[in-house]
**Student:** 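Okay, handing you the structure first.
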2 protein chains.
Amino acid sequence: MAAQRKISERTVERISRYRRLLESIHATSDNPFIYSHEIASLCGLTAAQVRRDLMTIGFSGSSARGYEVAELLRSASSFLGFSHERRMALVGIGYLGRALLDYFVDRNPLFKLCAAFDADPGKVDRVIHGVRCYPVTQLKTVLATHQVSTGIITVPADAAQNIAWELVEAGVTGILNFAPVQIRVPANVFIENLDLTSALEKVAYFAGNFSDKERTKK
Amino acid sequence: MAAQRKISERTVERISRYRRLLESIHATSDNPFIYSHEIASLCGLTAAQVRRDLMTIGFSGSSARGYEVAELLRSASSFLGFSHERRMALVGIGYLGRALLDYFVDRNPLFKLCAAFDADPGKVDRVIHGVRCYPVTQLKTVLATHQVSTGIITVPADAAQNIAWELVEAGVTGILNFAPVQIRVPANVFIENLDLTSALEKVAYFAGNFSDKERTKK
DNA sequence: CGCTTACTGTGAAAAGATTAACAGCGTTAA
DNA sequence: TTAACGCTGTTAATCTTTTCACAGTAAGCG
């Protein structure tokens, strides 16, 4: 729809963070305006970066008063697609899967986690954190009835690629993958690989080699 | 110690992924050599990138035969600091905290999760997934006895910054933060903010706006 | 009113990360 | 032994992201 071109992943992530920040500010502060440098400082960024991000989503503030909180909140929400409901499914009901169910359910009513799947018969046919659990064999049929656009993968590494393919065949166009393998998908599907092990090893690396060295900017 | 300078976060993350890949290849394949383009294809990268990464950690292969798997595995492990044990602590024993305990415990014997903390008295003074749980009030004393270098934060957003400060005061030099706030730490401490909500919103964004547009390269 | 101030919006510069390109070399095959 | 091949190591080019810097502008103040 909106024909903006090539907005970077980094920018989208930051917009998401701004949005949440603004939500909280909107609820607690009575000042209806906010400056780029205030947002920046609360998000650990530079003011220039914030201004540029807002520029790319086409939001304008007022010089001398800054940005109107309510308006910007609305604009960021609309940019992120909060205007319509998204349906999501989770595959892999291990500890991590359950934690994510708990984490995502009811956090945002427009991001509806409407089904969970697992290969273990002992884990299915019940409701966890308000989400119905199905055998993974029924993935395609269940997803077809639910119009799911986004999938979350928390299965073991060796099963992840197959699950991804099934999700894609079922019409999913975005995948958040926690399995520690690089998953390949068709070019028209977006995949975000979130590798907890390498995140931790990175922290451990820099925790060790850091007193003397600067961190290269994020 | 090793006086390499300014190795980027991205590179460290990739080295970690290479390492895991090599571990698996070393265990299953009988071919003692591997080419950069093989690693690249398995990790979803270009061969040039792999060669450059290995260059930055100072590893050399042989022309015409590629890289010796066992050697490279050793070299990557040593680069990542697997030569000595790291001790880690986790703060916040909610669903996510428990999932991470399960995820990280015994995954790598050199990354020892040796204590968990929570503010809720009902959750402490027991052992979860092999890790002893303490009241968060004892954080500093317990960490002092354990020589912990790395902390994992899975507490609610409003408590995260305070916990970070306490971790830093206790001598932690690297933090992996899952709370959805940007945490500030002194310049000599490394922090990685892993924001699940913005990761998901990013996926949802690109899942929606993607048929027509290229993803900007990671 | 006009002056001052401090902000936004944005082109241009800088920094950082990735990819291209190729010289040089070890291996293999003839 | 030599020639051909296909790899690595690395420099240079390109592409991306961030930061700088400043013109333009609205609000507040005297």
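The sequence lines fix the lettering, A, B, ..., with proteins before strands; numbering per chain opens at 1.
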**Student:** Mind checking side chain to side chain contact (heavy atoms under 4.5 Å, CB included) for Ser198(B) and listing every partner two or more places apart, or none if nothing turns up?
**Tutor:**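 By the side chain to side chain contact (heavy atoms under 4.5 Å, CB included) rule, Ser198(B) matches Glu13(A), Ser16(A), Arg17(A), Arg20(A), Asp195(B).
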
**Student:** Within this structure, what is the CE-to-C1' distance between Met55(A) and dT18(D), rounded to whole angstrom?
**Tutor:** 13 Å

**Student:** Separation of Leu54(B) atom CG from dT18(C) atom C1', in whole Å?
**Tutor:**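 So the CG-C1' distance, Leu54(B) to dT18(C), works out to 15 Å.
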
**Student:** Reading nucleotides 23-30 of chain C 5' to 3', which nucleotides get B (base under 4.0 Å from a protein heavy atom), which S (sugar-phosphate only), which -?
**Tutor:** -BBBS---

**Student:** For Tyr103(A), does the six-membered ring have the charged nitrogen or CZ of Arg107(A) within the cation-pi criterion, i.e. under 6.0 angstrom from the centroid and within 45° of the normal?
**Tutor:**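 Flagged: Arg107(A) positioned over aromatic ring of Tyr103(A).
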
**Student:** Counting only heavy atoms not in Gln147(A) (residues, nucleotides, ligands), do more than 12 fall under 6.0 Å from its CD?
**Tutor:** no

**Student:** Counting only heavy atoms and a strict 4.0 angstrom limit, can you tell me which residues of residues 31-53 of chain B come near DNA chain D?
**Tutor:**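 Those residues whose heavy atoms fall under 4.0 Å from DNA chain D, taken from residues 31-53 of chain B in numerical order, are Tyr35(B), Ser36(B), His37(B), Arg51(B), Arg52(B).
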
**Student:** Whole angstroms only, please: what is the CG-C1' distance between Leu72(A) and dG9(C)?
**Tutor:**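 About 15 Å, once rounded to whole Å.
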
**Student:** Could you tell me whether Lys202(B) and Glu9(A) make a salt bridge, using a distance below 4.0 angstrom between a side-chain N and a carboxylate O?
**Tutor:** yes

**Student:** Within a reach of under 6.0 Å around CG of Asp106(B), are more than 12 heavy atoms found that belong to other residues, nucleotides or ligands?
**Tutor:** no

**Student:** Using a strict threshold of under 4.0 Å (side-chain N to carboxylate O), is an ion pair present between Lys140(A) and Glu169(A)?
**Tutor:**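 Lys140(A) and Glu169(A): salt-bridged.
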
**Student:** Find out whether Tyr67(A) and Tyr35(A) are in side-chain contact, i.e. whether some heavy atom of one side chain is under 4.5 Å from a heavy atom of the other.
**Tutor:** no

**Student:** Could you tell me whether Tyr95(B) atom OH has more than 12 heavy atoms of other residues or ligands within 6.0 Å of it?
**Tutor:**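 It does not: Tyr95(B) OH has 12 such atoms or fewer within range.
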
**Student:** When we call it a touch if two heavy atoms are under 4.0 Å apart, what does Ser60(B) touch: a base, just sugar-phosphate, or nothing?
**Tutor:** sugar-phosphate

**Student:** Rounding to an integer number of Å, can you tell me how far Ile15(A) CD1 sits from dT17(D) C1'?
**Tutor:**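 Answer to the nearest Å: 15 Å.
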
**Student:** Figure out the OH/P separation between Tyr67(B) and dG6(D), and round it to whole Å.
**Tutor:**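 From Tyr67(B) OH to dG6(D) P: 18 Å.
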
**Student:** Arg10(A) CZ to dT19(D) C1': how many Å, rounded?
**Tutor:**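 Spelled out: CZ on Arg10(A) to C1' on dT19(D) is 15 Å.
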
